[in-house]
Protein chains: 2
Amino acid sequence: MQETLISDFEKTFQQRGLRLTQQRLEIFKALAGSKDHPTAEKIYAQLRTTMPTISLDTVYRNLHTLHSHGLINRVVTGQSQARFEANLSPHHHLICKICQKITDISWQDFDNLAPPQDFNQWGDIKEKQVTLSGICKTCLKDKKSS
Amino acid sequence: MQETLISDFEKTFQQRGLRLTQQRLEIFKALAGSKDHPTAEKIYAQLRTTMPTISLDTVYRNLHTLHSHGLINRVVTGQSQARFEANLSPHHHLICKICQKITDISWQDFDNLAPPQDFNQWGDIKEKQVTLSGICKTCLKDKKSS
DNA sequence: GTAGTTGCAAAAAATTTGCCCTCCA
DNA sequence: TGGAGGGCAAATTTTTTGCAACTAC
């Protein structure tokens, strides 16, 4: 399943005339292999352990490239630090206001809900997604004990 | 209606022991009186015309203060620059991927939809909101003509 | 070979902080 | 009048860019 993702990734690269560099592959693999919607800094820190020469600007540059080619998503949050994910299938997010942890969720009933007609006057709607925010179990416990 | 907002604002300040300074009032009024979900920079630029001595850090500081006291919202977006609004009633947003314009929308059917039970295991959900993104009419036209 | 990419360093953009003076409660 | 808040400048944080060297195609 991960391999499928990666071979799709390689194909898309060829189609677009982008070069498949080691760095790009590693950045994508890091995203595809994690569930925590990492920041650029986090990806950088992780990759440095196995690829000590990679630079932070390469991570930023490629997150931007991958995003603009629709290969990764930038998560819609209320934070200023960008968070990314390789999961492109429609889904939604739960965000903890304290620890900023992001959890993927699916919400079938919402997905089946058609937006009101008049939204179409606005223009061309490409994505609809729900952001739920609050305080996660772990942070609730921490609050009580402190 | 704006006056109600502002008097609520003043009351909340008293209750919390926060001081009602000219700057805070102007920042709040700028937000309450605009529909475009401005950034800190935009508010600063606007206020400078009538209050030339206000500083950008005061704007930032107070947006943070107002937000942490629940008097304003930070809009959930996929941008890194923070956008704010004084509209605290539950509503949703349409965001243009090109010009970044944010439009308020209401979506009754969604508001009536209860989140799946199992989301509650996650913790305490405080807000649920929809972000629709795409390309607005104006940007669609610009694309065609270019 | 050569255009697209990288790493380095520096710059830019966005936001926060320390310090001292001011002004609101 | 005491202390929260403002303005200034400097620092941090997050992200972008210019450029020479490098490498995938």
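Remember, it's a predicted structure, so these values are computed and weren't measured experimentally. Proteins come first, then strands; the chains are lettered A, B, ... in the order of their sequence lines, and each starts at number 1.
Ranked by how close their nearest DNA chain C nucleotide is to the 5' end, S80(B) and G17(A) are led by G17(A). Take the nearest nucleotide of DNA chain C for R74(B) and for M51(A): the residue whose nucleotide is more 5' is M51(A). Taking the nucleotide of DNA chain D with the nearest heavy atom to each of Q22(A) and Y60(A), the more 5' of the two is matched to Y60(A).
If you measure from atom OH of Y44(B) to atom P of dG7(D), you get 9 Å, rounded to the nearest angstrom. Whole-Å rounding puts the L25(B) CG to dC24(C) P distance at 12 Å. The separation between R61(A) atom CZ and dA12(C) atom P is 17 Å, rounded to whole Å. Between the C1' atom of dT15(D) and the CD atom of E41(A) lies a distance of 10 Å, rounded to the nearest Å. As a whole-Å value, the separation of Q23(A) CD from dC22(D) P is 14 Å. Atom-to-atom, CD of Q81(A) to P of dA13(C) comes out at 19 Å; the value is rounded to the nearest Å. If you measure from atom CG of L56(A) to atom C1' of dT6(C), you get 13 Å, rounded to the nearest angstrom. Between R16(A) atom CZ and dC25(D) atom P the separation is 16 Å, expressed in whole Å.
Among the protein residues, T39(B) comes within range of no part of the nucleic acid, since none of its heavy atoms lies under 4.0 Å from any strand. A82(B) comes within contact range of the sugar-phosphate backbone alone, with a heavy-atom separation under 4.0 Å but no base atom that close.
The phosphate of dG6(D) (OP1 or OP2) has no side-chain N or O of T58(B) nearer than 4.0 angstrom. For T21(B), no side-chain nitrogen or oxygen approaches OP1 or OP2 of dC24(C) to under 4.0 Å. Between N62(B) and dG6(D) there is a side-chain N or O to OP1 or OP2 distance below 4.0 Å.
For the pair E127(A) and K97(B), the salt-bridge criterion is met [side-chain N within less than 4.0 Å of a carboxylate O].
Within the 3.5 Å criterion, the main-chain N or O of Q100(B) finds a donor-acceptor partner in the side chain of R83(B).
Contact of R19(B) with dG6(D) (side chain to base): no donor-acceptor pair of N or O atoms is detected under 3.5 Å. With hydrogens and angles ignored, no donor-acceptor pair under 3.5 angstrom links the side chain of R24(A) to the base of dG4(C).
Between D111(B) and H92(B), the side chains place a donor N or O and an acceptor N or O closer than 3.5 Å (distance only, hydrogens not considered).
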